[in-house]
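Structure provided below as structure tokens; questions to follow.
Below, read A as the first sequence line, B as the second, and so on, with proteins coming before strands; counting in each chain starts at 1.
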2 protein chains.
Amino acid sequence: MYILLMNARDRLIESAQELLWERGYVGTSPRAIQERAGAGQGSMYHHFSGKPDLALAAVRRSAEALCALAEAELAGPGGAVQRISAYLRRERDVLRGCRIGRLTQDPDIVADPALRQPLRETFDRLRRRLAEVIAEGQARGEIAADLAAADLAATILAALQGGYVLARAAGTAEPFDRAVDGALALLRRAAPSSS
Amino acid sequence: MYILLMNARDRLIESAQELLWERGYVGTSPRAIQERAGAGQGSMYHHFSGKPDLALAAVRRSAEALCALAEAELAGPGGAVQRISAYLRRERDVLRGCRIGRLTQDPDIVADPALRQPLRETFDRLRRRLAEVIAEGQARGEIAADLAAADLAATILAALQGGYVLARAAGTAEPFDRAVDGALALLRRAAPSSS
DNA sequence: GTCTATACGCTGATAGAC
DNA sequence: GTCTATCAGCGTATAGAC
């Protein structure tokens, strides 16, 4: 177990990341984090001022990981539609949902500007990056140029996030896959040759 | 205040609906529900066996309300794309999010089949209804017939749910509006005349 | 740095009076 | 039906020893 080799501070952050993903902010207690990390009260309150402080460190780390994963696909080979397809169809545990997206439902996260900032930045970055890829596809004649790249980027990211929501409600990945397939089908239809 | 005229049972359900929307299941305590409803412990435990039982009643009621609202737009006048547009652009308090969608992030809801069932049924119904409207649009030559209606329905519903997620992260409705606009632009592009 | 002790309010419920 | 106890356990710390 890798986690056992880390120092207490990192173990606490990683445990907080896991629990925030599984149970959200409201559903995650300092005690539960400590137990998972194998650390005591004193250790946690030595490294962090409290639950919000530890959560902030955890959220920031998760946000970075998420952006890195996205970039791996979006900077890959192929045309715009192909890279977006690779991003959307990347292998995932759909029913776990998005570790950042799920936090938008946490009232205590959204209410705290410091805690919400990483969420905003993450989705802003992803939208901008997707818009870049789309604009590239438009410049190369892959996608109709009269469609607003920023809008399409938002639609694609929203379809992804909403796909998780539908999948968790259904208890299966099926709606997620449909949502992704539908989005890609529409995107392919938006080729200039089709107009 | 209408709520003061209702009996305790209905006040409890309505208060639970509000709190579940605002704070989710994990973030909502029986005590908070009682306070908002102006009812005591005894009253709540007389009408409901406990928190899950009351939550179930509240979720069912919210689910019905949601489906009714959707149906009002989807059964309205105009063509398929126009009705879907009316549905997506219906006036909403975007930052509040979806009262059903937000519950998919609640571990205790998803883990309990009885509590999850209304979520599954709601989104299944909405997807089927949207697919019907789309199929109608395809039969009338409004939308290309070679696109899978079930996939497009999932995409549209996911864009809606994901739009809420992005908006809550951003702290403004802007990403929601973009996601909706992008989805509608793509849908209009998918007309047979464009292929 | 990490541990144990201590604290106080809240959670989710039960029991019994009225 | 509704109210008021009462309860064991958890949530979120603080204090101080080591």
Side-chain angles (χ1 to χ4, degrees), chain A residues 1 3-59 102-103 105-112 114-115, chain B residues 1 3-59 103 105-112 114-116:
Chain A
M1 303 297 274
I3 204 172
L4 292 177
L5 300 173
M6 303 187 324
N7 61 38
R9 194 187 137 85
D10 283 333
R11 290 203 314 273
L12 283 163
I13 293 180
E14 204 151 289
S15 299
Q17 286 183 271
E18 293 171 11
L19 282 164
L20 285 174
W21 197 348
E22 293 166 18
R23 306 198 41 84
Y25 184 83
V26 172
T28 296
S29 68
R31 173 193 277 254
I33 298 171
Q34 293 152 24
E35 266 170 27
R36 187 170 295 208
Q41 296 265 86
S43 185
M44 183 191 129
Y45 284 100
H46 171 72
H47 291 291
F48 303 96
S49 70
K51 176 178 169 177
D53 189 36
L54 171 50
L56 182 58
V59 171
R102 71 109 50 243
L103 298 177
Q105 303 306 328
D106 242 304
D108 293 2
I109 295 257
V110 171
D112 181 339
L115 279 171
Chain B
M1 303 298 271
I3 204 171
L4 293 176
L5 299 172
M6 301 188 324
N7 60 38
R9 193 187 138 85
D10 283 333
R11 289 202 315 272
L12 283 163
I13 293 180
E14 204 151 287
S15 300
Q17 286 183 271
E18 293 171 10
L19 282 165
L20 286 174
W21 196 348
E22 293 167 18
R23 306 198 40 84
Y25 183 84
V26 171
T28 297
S29 68
R31 172 193 277 254
I33 299 171
Q34 293 152 24
E35 265 169 28
R36 187 171 295 209
Q41 296 266 84
S43 183
M44 183 192 128
Y45 283 100
H46 170 74
H47 291 291
F48 303 95
S49 69
K51 178 177 166 177
D53 189 35
L54 171 50
L56 182 58
V59 172
L103 299 176
Q105 304 304 330
D106 241 305
D108 294 1
I109 295 256
V110 171
D112 181 338
L115 279 171
R116 185 162 60 78

B:Arg11 vs B:Glu14, test: side chain to side chain contact (heavy atoms under 4.5 Å, CB included). Steps then yes/no. CA-CA 5 Å; B:Arg11 289 202 315 272; B:Glu14 204 151 287; 5.8 Å; no
Quantified as the angle between the terminal helix axes (five pairs each), what is the overall bend of the helix from C:dG1-D:dC18 to C:dC18-D:dG1 to 10 degrees? 0°
Check A:Gly27 against B:Val26 and note the closest heavy-atom contact, atom names and distance. CA-CG1, 3.6 Å
Sequence-distant partners of B:Asp112, salt bridge (Lys or Arg N to Asp or Glu O under 4.0 Å), two or more places apart: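 Checked B:Asp112 against salt bridge (Lys or Arg N to Asp or Glu O under 4.0 Å); zero matches.
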Between residues 19-30 of chain B and DNA chain C, which residues have a heavy-atom gap below 4.0 Å? B:Thr28, B:Ser29, B:Pro30
Please enumerate all residues that pass salt bridge (Lys or Arg N to Asp or Glu O under 4.0 Å) together with A:Arg23, with sequence neighbours excluded. B:Asp108
Interatomic distance, B:Asp53 CG vs C:dA13 C1' [rounded to whole Å]: 14 Å
Would you please name every residue forming a side chain to side chain donor-acceptor pair (under 3.5 Å) with A:Glu22, sequence neighbours left out?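 A:Glu22 satisfies side chain to side chain donor-acceptor pair (under 3.5 Å) with A:Arg36 once adjacent residues are dropped.
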Of all of residues 42-52 of chain A, which get a heavy atom below 4.0 angstrom from DNA chain C, listed by number? A:Gly42, A:Ser43, A:His46, A:His47
Side-chain donor-acceptor distances from residues 38-56 of chain B under 3.5 Å, at least two apart:
from	atom 1	to	atom 2	distance (Å)
B:Gln41	OE1	B:Gln34	NE2	2.9
B:Lys51	NZ	B:Tyr25	O	2.9
B:Lys51	NZ	B:Thr28	O	2.8
B:Asp53	OD2	B:Ser49	N	3.0

How long is the straight-line distance from CG of A:Leu20 back to CG of A:Asp106, given to the nearest 0.5 Å? 8.0 Å
B:Gln41 CD to C:dT11 P: how many Å, rounded? 11 Å
5' to 3' contact window, DNA chain D with chain B (heavy-atom distance under 4.0 Å):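 On DNA chain D, the outermost contacted nucleotides are D:dG1 to D:dT4.
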Could you give the CD1-to-C1' distance, from B:Ile33 to C:dG12, as a whole number of Å?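 Distance check: B:Ile33 CD1 to C:dG12 C1' gives 11 Å.
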Write down the atom of A:Ala57, the atom of A:Ile13, and the distance for their closest heavy-atom approach. CB-CD1, 4.0 Å
Closest approach of B:Asp10 to B:Asn7 (non-hydrogen atoms, all atoms of both residues): N-OD1, 2.8 Å
Could you tell me which residues satisfy side chain to side chain contact (heavy atoms under 4.5 Å, CB included) with A:Ala32, sequence neighbours excluded, listed by chain and number? A:Leu19, A:Ser29
Can you name the nearest heavy-atom pair linking B:Leu103 to B:Val110, along with the distance?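 Smallest heavy-atom distance, with atoms named: O-CG2, 4.3 Å.
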